[in-house]
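Numbering starts at 1 and runs along the sequence shown. Just so you know, these numbers come straight off a predicted model, no measurement behind them.
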Amino acid sequence: MSPRAWLELTLLATVWGGSFFSIAIALREMGPVTSVLHRVFWAAILLWIIVLVRGLPIPRAPGIWGAFLVMGCLNNVIPFTLMSWGQTQIETGLVSIFNATTAFFGVFVAAMIFRDERLTLRRVAGICLGIFGVVVVSGVEDLLSLDPRSLGQLAVLAGALSYAFASSWAKLTLKSQDPLVAAAGMLTGSSFVLAPLAITAEGVPSLELASETWIAIGYYSIFATALAYLLYYRVLAMAGAGNLMLCTLMIPPIAILLGWLFLGERIGGQSFLGFSIIALGLLVVDGRILRLLRPSVPNP
């Protein structure tokens, strides 16, 4: 990758890594569903403003808006809500580590849906490493105990699985849409679903919030959602999907550091060992680790 691609990839990982910290701040004053509603609602407004300024065509076909609605549920409503609730039970750093399993779920779901996404031996080996890494982070007994902490871990993993289905759904239904329009439509669909859920589960959202809560909301909705989508597609165009997966490995250290500095969180060596195994699994799935180990053949 070019130095500029590396710089923007690092910036994207930093922005997303900070989202876990800002969500933790917001959750001190509101429930997880309301926090997610704030995230998608304000991000949708900003993205539609950008769409209008750029003069991009807005889809009118009901089928496209139905696809946006499903995408919003799979990519925002389900994973954001599950992970926000999970963050009330476990450390922000652990949420970011479990979030890294999205790539493993993505490979598995894509293999079930698309003929050209077969599960090769390399990918199966990478997925097995990822599963082992999750077990190491959680511990077998803790993962199966079904106490609030283990349920929080399972909720985050279920959110990662939902992300995987979202990727396949986007490939099936939204390939013809401008990425910016698709993101705005998806967030709009998410807002329509979340508004009644938030009111039913947690009451009418209050706007009388502490200044630090509004700062947190502004960060994770504007920067870590709306603007991060723009940066994501820039990096994707410059570096490709394979290199973009490195972002998944760069997020947890940032989230763990912020949790340690500002939230007083402590994560043990077992979690770091598990994350290292997950990272190795991701590199195996991507094929990067095998390319590094393959001996180079000098030119004659």
Side-chain angles (χ1 to χ4, degrees), residues 1 3-27 79-80 83-84 86-106 126-127 129-139 142 149 152-153 155-157 159-160 163 216 219-220 223-225 227-229 231-232 234-236 238-286 288-289 292:
M1 291 190 294
R4 182 173 180 177
W6 273 112
L7 178 63
E8 296 199 12
L9 180 67
T10 303
L11 177 60
L12 180 61
T14 303
V15 169
W16 273 340
S19 69
F20 296 95
F21 167 68
S22 61
I23 291 169
I25 298 299
L27 288 173
F80 286 180
M83 290 186 178
S84 292
Q87 201 164 329
T88 66
Q89 307 299 321
I90 62 176
E91 296 84 354
T92 57
L94 283 183
V95 175
S96 68
I97 290 175
F98 288 125
N99 180 66
T101 62
T102 299
F104 300 118
F105 287 124
I127 291 173
L129 279 171
I131 294 172
F132 179 56
V134 169
V135 172
V136 170
V137 171
S138 303
D142 290 342
R149 183 173 178 82
Q153 295 173 350
V156 177
L157 289 172
Y163 279 139
Y219 179 83
Y220 70 63
F223 291 96
T225 304
L227 299 182
Y229 276 124
L231 186 57
Y232 172 89
R234 280 177 55 86
V235 176
L236 180 63
M238 284 190 294
N243 287 324
L244 189 59
M245 193 176 71
L246 292 173
C247 186
T248 306
L249 305 180
M250 298 163 68
I251 291 172
I254 297 167
I256 292 169
L257 178 62
L258 290 174
W260 174 66
L261 288 175
F262 300 108
L263 300 176
E265 296 180 347
R266 298 291 185 271
I267 293 181
Q270 177 178 321
S271 297
F272 286 106
L273 174 60
F275 173 64
S276 299
I277 297 171
I278 291 172
L280 177 61
L282 287 171
L283 295 176
V284 170
V285 166
D286 176 57
R288 192 179 305 267
I289 192 70
L292 291 174

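Between Ile256 and Phe272, the closest side-chain pair of non-hydrogen atoms falls below 4.5 Å. Between Thr248 and Thr102, every side-chain heavy-atom pair lies at or beyond the 4.5 Å cut-off. Taking the side chain as every heavy atom from C-beta outward, Phe132 and Ile127 never approach each other to under 4.5 Å. Counting heavy atoms from C-beta on, the side chains of Val15 and Leu227 never come closer than 4.5 Å. Counting heavy atoms from C-beta on, the side chains of Ile278 and Leu129 never come closer than 4.5 Å. Residues Tyr232 and Trp16 meet the side-chain proximity criterion, which asks for heavy atoms closer than 4.5 Å. With a 4.5 Å cut-off on side-chain heavy atoms, Trp260 and Ile267 do not count as touching.
When every heavy atom of Ala228 is checked against every heavy atom of Leu12, the shortest pair comes out as O-CD1, 3.7 Å. When all heavy atoms of Phe104 and Gly126 are compared, the pair lying nearest together is CE2-O, 3.2 Å. Nearest heavy atom pair, residue Val137 against residue Ser271, reads CG2-O, 3.7 Å. Nearest heavy-atom pair, Ile251 versus Gly17, reported as atom, atom and distance to 0.1 Å: CG2-CA, 3.8 Å. When all heavy atoms of Ala216 and Ala26 are compared, the closest pair comes out as CB-N, 4.2 Å. Residues Ala5 and Ala239 approach most closely at CB-CB, 4.4 Å, considering heavy atoms.
To the nearest 0.5 Å, atom CG of residue Leu231 and atom CG of residue Leu236 are 11.0 Å apart. Distance check, rounded to the nearest 0.5 Å: CD of Gln87 to CG of Leu27 gives 6.0 Å. Atom CG of Leu280 is separated from atom CG of Leu282 by 9.0 Å, given to the nearest 0.5 angstrom. How far CE of Met83 is from CD1 of Ile90: 9.5 Å, rounded to the nearest 0.5 Å. For the atom pair Gln153 CD and Leu94 CG, the distance stands at 6.5 Å (nearest 0.5 Å). Put simply, CG on Leu244 and CD on Glu8 are 11.5 Å apart, with the number rounded to the nearest 0.5 Å.
With sequence neighbours excluded, the residues satisfying side-chain hydrogen bond (donor to acceptor under 3.5 Å, both in side chains) with Glu91 are Arg149. Qualifying ring-ring contact (aromatic ring centres under 6.0 Å, His included) partners for Phe262, counting only residues two or more places apart in sequence or in other chains: Phe21.
Between the Thr225 side chain and the Tyr220 main chain, a donor and an acceptor come within less than 3.5 Å of each other. Side-chain atoms of Thr101 come within 3.5 Å of backbone atoms of Phe98 as a donor-acceptor pair (strictly under, hydrogens ignored). Judged purely by atom type and a 3.5 angstrom limit, Gln270 uses its side chain to pair as donor or acceptor with the backbone of Val136.
Of the N and O atoms on the side chains of Glu265 and Thr92, at least one donor lies less than 3.5 Å from an acceptor on the other residue.
Of the residues listed (Ile23, Val156, Val95), the one engaging Ser84 in a side-chain contact (heavy atoms from CB on, under 4.5 Å) is Ile23, and it is the only one.
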Would you please test Leu261 and Leu257 for side chain to side chain contact (heavy atoms under 4.5 Å, CB included) and show each step?
CA-CA 6 Å; Leu261 288 175; Leu257 178 62; 3.9 Å; yes
Side chain to side chain contact (heavy atoms under 4.5 Å, CB included) for Phe275 and Val134? Distances and angles first, verdict last.
CA-CA 8 Å; Phe275 173 64; Val134 169; over 6 Å; no
